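Everything on this sheet refers to the single structure shown next.
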4 protein chains.
Amino acid sequence: MKEEKILSSVKDQQLIKVRREQIIKGAIKLFKEKGFHKTTTREIASESGFSIGTLYEYIRTKEDVLFLVCDSIHEQVRERIAQEIDLESPSVPNMMKAIRSYFYLMDEMQDEIVILYQEVKSLKKESRKHVLNSERDMVGIIENVINTCLEGKLSAQKVSLLANNIVVQGHMWGFRRWIMQKQFTLEAYMDEQLKMIEHAIK
Amino acid sequence: MKEEKILSSVKDQQLIKVRREQIIKGAIKLFKEKGFHKTTTREIASESGFSIGTLYEYIRTKEDVLFLVCDSIHEQVRERIAQEIDLESPSVPNMMKAIRSYFYLMDEMQDEIVILYQEVKSLKKESRKHVLNSERDMVGIIENVINTCLEGKLSAQKVSLLANNIVVQGHMWGFRRWIMQKQFTLEAYMDEQLKMIEHAIK
Amino acid sequence: MKEEKILSSVKDQQLIKVRREQIIKGAIKLFKEKGFHKTTTREIASESGFSIGTLYEYIRTKEDVLFLVCDSIHEQVRERIAQEIDLESPSVPNMMKAIRSYFYLMDEMQDEIVILYQEVKSLKKESRKHVLNSERDMVGIIENVINTCLEGKLSAQKVSLLANNIVVQGHMWGFRRWIMQKQFTLEAYMDEQLKMIEHAIK
Amino acid sequence: MKEEKILSSVKDQQLIKVRREQIIKGAIKLFKEKGFHKTTTREIASESGFSIGTLYEYIRTKEDVLFLVCDSIHEQVRERIAQEIDLESPSVPNMMKAIRSYFYLMDEMQDEIVILYQEVKSLKKESRKHVLNSERDMVGIIENVINTCLEGKLSAQKVSLLANNIVVQGHMWGFRRWIMQKQFTLEAYMDEQLKMIEHAIK
DNA sequence: GATGAATGAGTTTTCATTCAT
DNA sequence: TATGAATGAAAACTCATTCAT
């Protein structure tokens, strides 16, 4: 992980972890409400439960908070997906189940996903790269599910495209909620998308 | 359209149009490079070729510029699409041609699309609604193509979902360029997406 | 008068007079509502019925407008007072009648008087002097009434003080309206003030 | 008092008090010289001895400074008057002494009084109301002196009018200094005004 | 004479960051 | 380690004034 690269003047690693979790939690709440730019460091500090001075003991710049947040969101997604996807007995139905789990997760994490879509560009090159790599990993996980369940029936390119489509379809449920969630229930949305995917892999 | 709702202290409507086009052009260039928040009104003014005072003769607030930009992007997309889509002789191949045209357009307008994805949330409710409505219109156009070419073969819901998928697939070529354009040429991307769509409508 | 000292690029003296009257009328209306500082030259121009460019054909600076206004207010007071005060048959009752006339006038011109109290300090030294001289003239008129009617019964100092008191009592009916006009009708106010003045000159 | 209603981002109440006193002192100096509108917040900050950023830690808007100043002026007057007026043994001579004290105070605070006359209108409704109430209190104090010393000899209306006259006569020594102080010494001014008052209450 | 678009210096206000305690 | 007062660069926006048409 790259989080360690963010410097802190505090020595106690355990404390750093605790404080940063507070920061991430507070910041996500605020970013959901008003976005990164309209949130001030003072607000982040107070939402995190400590003073502005203390905040700056655990980060160097406001952008560090954004990085921490983006990284943490990916971390959460990764963890949850790892828990839910079961590739013990690979099969098309199990692949569908996995995708369904992913969609459920994306529904739960809508606001977080929107943060990623809107604020990643505010990261410096280096951090942005790291975050995009996490995103790439996510695609890799889906690709892996597909490959395992379809036993190489599809070309690598097709698998990659399908995986990306699935990932983005999960996102769009959230970032296009103003249109998708007006016309579909989550179940209907998933059913229809899955049907199309089934057609595509036949 | 809503552009007219942005007040200007200048009376000459023709001049307003010309100046606002300058503003939009300058602002898009800057927003592509550094985003809305990191672009200053002074930069917009000077990139547009006039003084800060003159800028403010044609807009009320910085947010007006963002609205002008978002609206103009949709306007461009709409115009171009209208030109290219030909529904005289509806057929599946013509539908594919239309989608291909749309993908080409999205390729050309990648940066603009990214602006929409990242900055629309900075608009006030009212303006955001207007912009999202333009987006809805875009989906409507695609739905129309599908319906015309498939002669009602698919349910309304399926059509809507398919149209949204196509629209977003056009966008993702741009906003996920760091992953898609590393693995696909534009042609390959379109070919593969179109194949999947063909499967889905069979 | 000093109004002539304000330069204009227009030659036609009659036109200058007409335009400046428009300016004064418009400006007084605006100054009453929002004060000198919060009124813009654009507003003055449009309230006067012409363009900003035309406004600047008849004045040099925004301060000129203020001077025009202050001078005009004094001019109006002077004119009206001259009309109303009749010193043909001097007597204490006639003096009281004159003071009463003055109070009525001050009641009518409350807002204008408030402008003087609040904005004269924004004039440049030169113009301020001129305006203060008009004010001095006003005191002179009242002194004259007193002297004529009391036939020199009071010392010059007493007359001067009494005149200043009367003048300011006229003003305070307006600039302390939030307290005076809550407790007194204009008639009651005048009656009581006149009674006190009568005591003082006995 | 209402000063507490002005928000500060600083927590230390004692420090707020100290800093605001600095602000008030600096601002009064500047307002005396150039008025509220021509004084910039930067000038206020530097005159107060700190940076513009620090100024804004103790106030919200420039208008807050004006309110602080107006409120403080009334506060000073109130304190000083309370000290000087002695109603232990009420009598006409003691009343005269009290008025004299008030006149002395007004002489000392001329510039401050002029600030009130010229700038109160720049306060928002709420703050203006508060300041005018302080002014009403001042009248109340004088009324109280009169009532106590004259044991109800005069009607309530007469007392109110007399008190207002006295208050304004105190002010006019300052705001009409260009005429009064050219013709009277402070002593002569007070003597003559007091004589007239004596006539009035007989 | 009249117009109104263009100008840019100047103003208020914000907020990330630092550092003494 | 934690605090929060101090800082000042930077930003949006205004408006008196000019001048070409």
Side-chain angles (χ1 to χ4, degrees), chain A residues 8-12 15-16 19 37-46 49-65, chain B residues 8-12 15-16 19 37-46 49-65, chain C residues 8-12 15-16 19 37-46 49-65, chain D residues 8-12 15-16 19 37-46 49-65:
Chain A
S8 166
S9 44
V10 174
K11 308 290 165 195
D12 181 341
L15 187 54
I16 293 182
R19 290 278 178 268
H37 282 101
K38 284 190 189 149
T39 301
T40 68
T41 51
R42 274 159 128 119
E43 288 170 319
I44 295 169
S46 107
F50 35 71
S51 71
I52 183 70
T54 301
L55 177 68
Y56 273 86
E57 295 291 318
Y58 296 94
I59 55 156
R60 288 275 164 222
T61 68
K62 191 186 175 192
E63 203 228 282
D64 282 351
V65 177
Chain B
S8 166
S9 42
V10 173
K11 298 180 175 179
D12 181 338
L15 188 56
I16 292 181
R19 290 279 177 270
H37 283 102
K38 285 191 187 149
T39 301
T40 69
T41 52
R42 292 192 118 83
E43 287 170 319
I44 295 170
S46 98
F50 33 70
S51 70
I52 183 70
T54 300
L55 176 67
Y56 275 91
E57 294 282 310
Y58 295 93
I59 54 155
R60 277 276 219 267
T61 66
K62 190 186 175 192
E63 204 226 283
D64 281 351
V65 177
Chain C
S8 165
S9 45
V10 174
K11 308 291 166 195
D12 181 342
L15 187 55
I16 293 182
R19 290 279 178 268
H37 282 101
K38 284 190 190 150
T39 302
T40 68
T41 50
R42 272 162 130 119
E43 288 171 318
I44 295 169
S46 106
F50 33 73
S51 72
I52 183 70
T54 302
L55 176 68
Y56 273 87
E57 296 290 317
Y58 296 95
I59 56 156
R60 288 275 165 222
T61 68
K62 190 186 175 192
E63 203 227 282
D64 281 352
V65 176
Chain D
S8 165
S9 41
V10 171
K11 297 180 177 178
D12 182 338
L15 187 55
I16 292 181
R19 291 279 177 270
H37 282 101
K38 284 191 188 149
T39 301
T40 67
T41 51
R42 293 195 113 83
E43 286 170 319
I44 295 169
S46 99
F50 32 70
S51 70
I52 183 68
T54 301
L55 176 68
Y56 275 89
E57 294 284 308
Y58 296 93
I59 55 155
R60 276 276 220 267
T61 65
K62 190 185 175 190
E63 204 226 283
D64 282 350
V65 176

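Given the structure is predicted, the values throughout are model-derived calculations rather than measurements. Hydrogens, waters and symmetry mates are skipped; everything else that's a heavy atom, side chains included, is used. Proteins come first, then strands; the chains are lettered A, B, ... in the order of their sequence lines, and each starts at number 1.
Residue C:S46 is classed as having no contact, given no heavy-atom separation below 4.0 Å to the nucleic acid. Residue contacts shown for B:T61 are limited to sugar-phosphate atoms, with no base heavy atom under 4.0 Å away. The residue C:T39 sits close only to the backbone: its heavy atoms come under 4.0 Å of sugar-phosphate atoms, none of a base.
At whole-Å resolution of the value, OH in A:Y56 and P in F:dT7 are 18 Å apart. Rounded to whole Å, atom C1' of F:dA9 lies 14 Å from atom CZ of B:R42. Following rounding to the nearest Å, B:L55 (CG) and F:dC15 (P) show an atom-to-atom distance of 16 Å. Rounded to a whole Å, the CD atom of C:E57 is 13 Å from the P atom of F:dA20. Atoms CG (B:L15) and C1' (E:dT3) sit 14 Å apart, rounded to a whole Å. For the pair A:I52 CD1 and E:dA16 C1', the computed distance is 7 Å after rounding to whole Å. The distance between atom CG of A:D64 and atom P of E:dA16, rounded to the nearest whole Å, is 13 Å. We find that NZ of A:K38 is positioned 14 Å from P of E:dA16, with the value rounded to whole Å.
At least one side-chain nitrogen or oxygen of D:T54 sits closer than 4.0 Å to the OP1 or OP2 atom of F:dT7. OP1 and OP2 of F:dA11 both lie 4.0 Å or more from every side-chain N or O belonging to B:T40. For E:dA6, the OP1/OP2 oxygens have no side-chain nitrogen or oxygen of B:S51 closer than 4.0 Å. Between C:Y58 and the phosphate of E:dA2, there is a side-chain N or O to OP1/OP2 separation shorter than 4.0 Å.
Within the shown strands, E:dA20 is the pairing partner of F:dT3 under the Watson-Crick or G-U definition, both distances less than 3.5 Å. When Watson-Crick and G-U wobble pairs are counted only if both distances are under 3.5 Å, E:dG8 pairs with F:dC15.
In this structure, D:Y56 and D:T41 have side chains that are in contact, with non-hydrogen atoms separated by less than 4.5 Å. Side-chain atoms of B:S8 and B:R19, non-hydrogen and from C-beta on, never get closer than 4.5 Å to each other.
With hydrogens and angles left out, the side chain of A:R19 and the base of F:dT1 share no donor-acceptor pair within 3.5 Å.
Side-chain polar atoms of A:S46 and A:E43 form no donor-acceptor pair below 3.5 angstrom.
The aromatic rings of B:Y58 and B:F50 sit tilted, their planes meeting at an angle between 30° and 60°.
Each of D:S9 and C:I59 lies near DNA chain F, and the nucleotide nearest D:S9 is the one positioned closer to the 5' end. DNA chain E is contacted by both B:K11 and B:G53; B:K11 maps to the nucleotide lying nearer its 5′ end (nearest heavy atom per residue).
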Test side chain to side chain contact (heavy atoms under 4.5 Å, CB included) applied to B:I59 and B:L55, step by step:
CA-CA 7 Å; B:I59 54 155; B:L55 176 67; 3.9 Å; yes

